[in-house]
Enquirer: 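Once you've had a glance at the structure underneath, I'll fire off some questions.
Just so it is clear: chains get the letters A, B, ... in the order the sequence lines come, proteins before strands, and each one is counted from 1.
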2 protein chains.
Amino acid sequence: MKRTSPQKRTTIYDLAELAGTSASAVSAVLNGNWKKRRISAKLAERITKLAEEQGYALNMQASVLRRERSKIIGMIVPKYDNRYFGSIVEQFEALARERGLFPIVTCTRRDPALEVEAARAMLSYQVDCLIATGATDPDRIVDLCAASGVRTVNLDLPGSRAPSVISDNYGGALELTRRVLANCEREYGVKAPLLFVGGRGTDHNTMERMRGFRDAHAEAGIPVDETLVLPCGYAPEKAEQAMRQLAGRTHDLPRGMFVNSTISLEGVMRWIRHSGHYAERMPHLGCFDWDPFVAMLGDHIEMVRQDVPNMLQAVFAIIDSGATEPTVVQVPPIMEKVG
Amino acid sequence: MKRTSPQKRTTIYDLAELAGTSASAVSAVLNGNWKKRRISAKLAERITKLAEEQGYALNMQASVLRRERSKIIGMIVPKYDNRYFGSIVEQFEALARERGLFPIVTCTRRDPALEVEAARAMLSYQVDCLIATGATDPDRIVDLCAASGVRTVNLDLPGSRAPSVISDNYGGALELTRRVLANCEREYGVKAPLLFVGGRGTDHNTMERMRGFRDAHAEAGIPVDETLVLPCGYAPEKAEQAMRQLAGRTHDLPRGMFVNSTISLEGVMRWIRHSGHYAERMPHLGCFDWDPFVAMLGDHIEMVRQDVPNMLQAVFAIIDSGATEPTVVQVPPIMEKVG
DNA sequence: CATCTTTGCTCAATCGATGAAGCAAGAATT
DNA sequence: AATTCTTGCTTCATCGATTGAGCAAAGATG
């Protein structure tokens, strides 16, 4: 993979030669501080026109090397396969650009080793700041960055060594569980514990959501059935397998479920379809995460939509303010109406 | 937004000083060609250990500036809000990393101005190669890149000045239309033209899909109803509005539809739900694009899934081969089974 | 007319990594 | 013992942009 042509890119030296002036004048004009450097408007215009004609493109490598700030902002993100992370990345890019920063994003597929490798790569590219989204071990990344004097903000999953912005997982799960319990009671007239499926039992979000799940049961006077709490991982296959195993253990399947992410829901729905266990009547579902097509799947599904715009506003507020204390900002999620 | 601490990053000069050797020895050791440069294993080990201890991170800007290839590969992509582009980006990153390249991706929100701006930014970062995914004006981007001697590959939408990898839109649409027509005829016993909705009438893909749509009608001996061909744009709102307007014009709504992307389908489904026009019986749908939850929406939807793994293999085959002629590789999409 | 200001530039060092060229010391060869 | 090779480094120029320092000419001031 080599460049098409051996032709050199145009540099400020080439432009200086063409304009009969010095490289430093060209630089001053092209990066906009020619007024400060007292370059005449006439020369400025001549240089600008030449640059355009020659298709000049700044060499960021050289520029960044010389400056002390790169204006590059990095983000690592677990996956691109759901609306939540998709909109996080889109918002991130938009807000970064608004501030004149160059966003670089990379996906780490929930792989701790890749997370670290990606963080290292970003440091090599001299990012001024790194957003660690849904990182397995955010503190590890913060430490790596701190060693190079690079600030970090944790998003989606909190860490203990840098500011974090997360959803109010407890509050969202509490309300979601309440609604699903109420839906079940309304339809079946009985108070029965729900299933909890999906997510990693070790991650903060899943633990908080389980806490909300339990408290909502307690509120309703329903004892949680521990055999129905299955934090089996996020992947659809994991969730599907967990359901299959559960069905193998009991014939009394729950009439309501708390599904921890749309990704897990994919597996749960697949199982529901294929197993035929709920052929006569669909269970009441609550999903912690939102997807437009899930919303159309039927009136038996409640969703919690994480408030991505506000989360990213909070992230950039932290960045803009320069804060580095390990605070946790909790952004309330949005309950999506049934239907 | 400044660095946390004023602490300098460790450079090869710092390491050289600590090891009592020269910067060039350090460089040779750390970039792995110390054998070629005849550095002793003893010194190499000492330097390696020191680098680790000091948390040394290569300054890529400096490195890239010096080398003539950056090993950075860029991609621009319209959106992150659907499975198709999401998996394109994931695959792209994985394949790039496999080849020791550093992937940078940026999303241009289907905005031609942003596309150009993003391409310029990538050029400034010295990308060795740029993949233009779903670009509104791929040739414009190719020209920009060519001026800097940077190779381009078009993905998803073809261009006339660089190699392109796209789905077989005609073939996919032909088969999809056939199936929807067959489903309608099976259920209603009548041969009636379908609705075509979504996409941009000016883009290659939409035109090819419309051609497949028309040819499938011709095959079945059904005349296409031109008032039912609505390439209104991809956005859900556009599709929803198009449906609303159609319903205002006629009371005889089609029993089958070809929807050009899941994004447009979102709007169509919303309208179907809210308008109540299909309350008694859902229309037969065909969607050009795949989404797992759409697949669960019911047995009345057929989907065409674009073959992302093969498309990206093709892209990297082109990159690896160094080809630059404006060929078009058409990758057959996959028909997803009903249900 | 002499001095001071202002204007409009140029010079040269610098950022960190790289690699061609060179050099000194020891080993091998004649 | 004299010469050539080999080993194991170091020196230095370079990539392109940035910026503090400096300088010549024109203009203003006394």
Enquirer: For A:I12 and D:dG16, what is the distance between atoms CD1 and C1' respectively, to the nearest whole Å?
Expert: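 The answer, rounded to whole Å, is 6 Å.
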
Enquirer: How about B:S167 and B:Q330: does a side-chain donor come under 3.5 Å of a side-chain acceptor?
Expert: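 There is no such pair (donor and acceptor under 3.5 Å, judged by atom type) between the side chains of B:S167 and B:Q330.
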
Enquirer: Taking the six-membered ring of B:Y234 as reference, does the cationic atom of B:R110 (NZ for Lys, CZ for Arg) lie under 6.0 Å from its centre and within 45° of its axis?
Expert: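 Yes, cation above the ring, under 6.0 Å and within 45°.
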
Enquirer: Would you confirm whether the ring centroid of A:Y80 sits within less than 6.0 angstrom of the ring centroid of A:F85?
Expert: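 Not close enough - the centres of the two rings lie 6.0 Å or further apart.
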
Enquirer: Does one side chain, of B:Q61 or A:S70, offer a donor that lies under 3.5 Å from an acceptor on the other?
Expert: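 A:S70 and B:Q61 do not have a side-chain donor-acceptor pair below 3.5 Å.
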
Enquirer: Which nucleotide sits closest to the side chain of B:S27: C:dG16, C:dC9, C:dT18?
Expert: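 Among the listed nucleotides, the one closest to the side chain of B:S27 is C:dT18.
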
Enquirer: More 5' along DNA chain C: A:L65 or A:T21, using each one's nearest nucleotide?
Expert: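 This one resolves to A:T21.
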
Enquirer: Once you round it to whole Å, what is the distance between P of C:dG16 and CD of A:E68?
Expert: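 Going from A:E68 (CD) to C:dG16 (P), I get 11 Å.
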
Enquirer: At under 4.0 Å between heavy atoms, what does A:L30 touch on the DNA or RNA strands: base, sugar-phosphate, or nothing?
Expert: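 Nothing: the residue A:L30, judged by heavy atoms under 4.0 Å, touches no strand.
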
Enquirer: Mapping B:S22 and A:A57 to their closest nucleotides on DNA chain D, which lands nearer the 5' end?
Expert: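 Its nearest nucleotide lies further toward 5', so the answer is B:S22.
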
Enquirer: Can you measure B:R9 atom CZ to C:dA17 atom C1' for me and round it to whole angstrom units?
Expert: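 Rounded to whole Å, this separation is 15 Å.
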
Enquirer: Examine the base of C:dT14 for any acceptor or donor lying under 3.5 Å from a partner atom in the side chain of A:R66, and report the outcome as yes or no.
Expert: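 Present.
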
Enquirer: Examine D:dA17: is either OP1 or OP2 under 4.0 Å from a nitrogen or oxygen in the side chain of A:S63? Give yes or no.
Expert: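 False: A:S63 side-chain N/O out of range (4.0 Å or more) of D:dA17 OP1/OP2.
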
Enquirer: Is there a side-chain contact between B:N31 and the phosphate of C:dA17, meaning an N or O under 4.0 Å from OP1 or OP2?
Expert: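 Result: no.
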
Enquirer: Expressed in angstrom and rounded to an integer, what is the separation of A:Q61 atom CD from C:dG16 atom P?
Expert: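 That distance rounds to 15 Å.
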
Enquirer: By nearest atom, which of the nucleotides D:dT18, C:dA17, C:dC9 is closest to the A:L43 side chain?
Expert: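 The listed nucleotide nearest to A:L43's side chain is C:dC9.
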
Enquirer: Calculate the interatomic distance between B:R38 atom CZ and C:dG26 atom C1'; express it in whole Å.
Expert: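 Result: 13 Å.
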
Enquirer: Between C:dA20 atom P and B:R67 atom CZ, what is the distance in whole Å?
Expert: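 After rounding, the gap between these two atoms is 15 Å.
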
Enquirer: Count the heavy atoms belonging to other residues, nucleotides or ligands that lie under 6.0 Å from CZ of A:R67, then report whether that count exceeds 12.
Expert: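 Counting other residues, nucleotides and ligands, CZ of A:R67 exceeds 12 neighbours.
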
Enquirer: Confirm from the modelled atom types if B:S24 and D:dT11 form a donor-acceptor pair under 3.5 Å, side chain to base only.
Expert: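 For B:S24, whose side chain was compared with the base of D:dT11, there is a donor-acceptor pair (under 3.5 Å).
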
Enquirer: Measure from NZ on B:K35 to C1' on D:dG8 and round the result to the nearest Å.
Expert: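 B:K35 atom NZ is separated from D:dG8 atom C1' by 15 Å.
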
Enquirer: Mind calculating the distance between CD (A:E17) and C1' (C:dT10) to the nearest angstrom?
Expert: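 Spelled out: CD on A:E17 to C1' on C:dT10 is 15 Å.
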
Enquirer: From the set C:dC9, D:dT10, C:dG16, return the single nucleotide nearest to any side-chain atom of B:Y13.
Expert: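 Of the options given, the side chain of B:Y13 lies nearest C:dG16.
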
Enquirer: Would you kindly check whether a donor in the side chain of B:R37 faces an acceptor in the base of D:dG8, or vice versa, at under 3.5 angstrom?
Expert: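 Answer is no: no donor-acceptor pair is held.
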
